[in-house]
Amino acid sequence: MSSLQPLILLTCRMFIDTHWAGGIIKLGSSNMATDLMRLIVMVVLLLAIAHSIYSLCRSTPKIVWLFLLTAIVITAIVLIAVRGVADRYMVPYILGIQLAVAYLFTAKIASATNPRQQKLWQLGLIALISSGIVSCAVSSQSQLWWNKYPSSTKYNPAVAAIVNEAKKPLVITHGGNNITGRILSLSYLLKPQVQLLLAVKTEQVKIPDGFSDVFIYRATEALQFELEKVQKYKITPIYKPDDGWLWRVEK
């Protein structure tokens, strides 16, 4: 079941994505009612998608459904076999599922002979589109989301809050390409008075005068050694010291 979890997660968040950890199936919270509601929505979505694929295979020419089914199945196997595959490699799977669902609603609405039945399918389509709009609205206002690499940036809002309290701070970081994405993410949360110093080599770090506070973001051992042992600064961890998220530099 654990091997299927990434596939289920990806499938559900195509249509509903209202939880920062991805989709709607982040279970295990203390609220059983919330977990039950998420589970019901997940099951309904998966059944609807299965019915869409079945309807596609029954109602379209073989060359059409075989093309879409091949794209869906092959990428699904890749996701199950290779854990941690980026979503950009799953585009054929995502498009295949979305086309199947779109076909289902189109066919049902167009072929419905009963006005009430047609109305129900129209309401279902409106609900599905609305869930996508709500998902976009929720994720756009969140500083932390599954597609913003939370493992690398989840503490950035707290770090930014500490740095922004300083009158004229300088933030130093070092680490090459590994740190670039993290510091760019952090920079969007910092106030205009904050200055950044990104060092490619630790020996290039020269702290200029005129700053009220000097911080190190994601301090590497090499940078700590350079400032503490070579340049004789005092370095104190002030946030998440075990992971080195933010340090204060003093003379």
Side-chain angles (χ1 to χ4, degrees), residues 6 9-10 13 17-23 26 79 82-91 135-251:
L9 189 65
L10 175 65
R13 71 182 178 214
D17 185 12
T18 56
H19 194 284
W20 72 267
K26 185 64 177 178
L79 183 60
V82 183
R83 301 293 296 270
V85 176
D87 282 359
R88 62 180 175 271
Y89 299 119
M90 302 303 297
V91 170
S135 299
C136 290
V138 172
S139 62
S140 66
Q141 300 303 311
S142 176
Q143 293 180 338
L144 185 66
W145 211 254
W146 63 266
N147 56 4
K148 299 178 181 179
Y149 296 96
S151 61
S152 302
T153 61
K154 59 184 175 181
Y155 297 123
N156 277 357
V159 170
I162 295 172
V163 174
N164 287 335
E165 289 179 355
K167 186 177 181 180
K168 190 180 179 183
L170 172 68
V171 179
I172 303 170
T173 189
H174 164 258
N177 293 332
N178 293 332
I179 202 69
T180 303
R182 297 176 182 179
I183 197 67
L184 283 174
S185 171
L186 177 67
S187 67
Y188 287 105
L189 305 176
L190 298 174
K191 291 182 177 180
Q193 73 268 20
V194 181
Q195 299 292 311
L196 299 174
L197 195 162
L198 179 58
V200 178
K201 298 180 179 179
T202 56
E203 57 268 22
Q204 294 175 335
V205 177
K206 304 297 178 185
I207 301 177
D209 297 327
F211 291 98
S212 61
D213 298 85
V214 179
F215 301 97
I216 303 177
Y217 174 74
R218 301 294 288 166
T220 61
E221 291 184 3
L223 183 57
Q224 291 181 54
F225 180 84
E226 172 66 26
L227 293 178
E228 205 166 24
K229 304 299 182 182
V230 178
Q231 301 189 27
K232 306 302 180 183
Y233 283 97
K234 180 183 177 182
I235 303 176
T236 308
I238 58 174
Y239 187 76
K240 294 292 178 182
D242 294 338
D243 298 323
W245 277 84
L246 191 67
W247 302 61
R248 186 184 300 276
V249 181
E250 300 171 311
K251 274 291 189 182

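In this chain, numbering begins with 1 at the start of the sequence shown. Note that the structure is a prediction, hence the values are computed from the model and not measured.
K251 places a side-chain heavy atom less than 4.5 Å from the side chain of Y233. Side-chain contact between L189 and V163 is absent, with no heavy-atom pair separated by less than 4.5 Å. At a threshold of 4.5 Å between non-hydrogen side-chain atoms, the residues S187 and V171 do not count as touching. Looking at T173 and L196, their side chains never come closer than 4.5 Å, going by heavy atoms from C-beta outward.
Heavy-atom neighbours of E250 CD from other residues, nucleotides or ligands within 6.0 Å: above the threshold of 12.
Taking all atoms of both residues into account, the shortest heavy-atom contact from P169 to F215 is CB-CE1, 3.8 Å. A pairwise comparison of heavy atoms in K191 and N164 identifies N-OD1, 2.9 Å as the closest pair.
Rounding to the nearest 0.5 Å gives a distance of 4.0 Å between CD1 of I172 and CD1 of I207. Atom CD of residue Q195 and atom CG of residue L190 lie 10.5 Å apart, to the nearest 0.5 angstrom. Once rounded to the nearest 0.5 Å, the distance linking CG of L227 with NZ of K206 reads 9.5 Å. Once rounded to the nearest 0.5 Å, the distance linking NZ of K167 with CD of Q193 reads 10.5 Å. I216 CD1 to L170 CG: the interatomic distance, rounded to the nearest 0.5 Å, is 10.0 Å. Taking CD1 from I235 and CD from Q224, the interatomic distance works out to 6.0 Å, rounded to the nearest 0.5 Å.
Counting only N and O atoms by type, the side chains of T202 and H174 include no donor and acceptor under 3.5 Å apart.
The backbone N or O of V205 sits less than 3.5 Å from a side-chain atom of Q231, completing a donor-acceptor pair.
Across Y217, Y188, W245, a single residue satisfies side-chain hydrogen bond (donor to acceptor under 3.5 Å, both in side chains) together with N156, and that is Y217.
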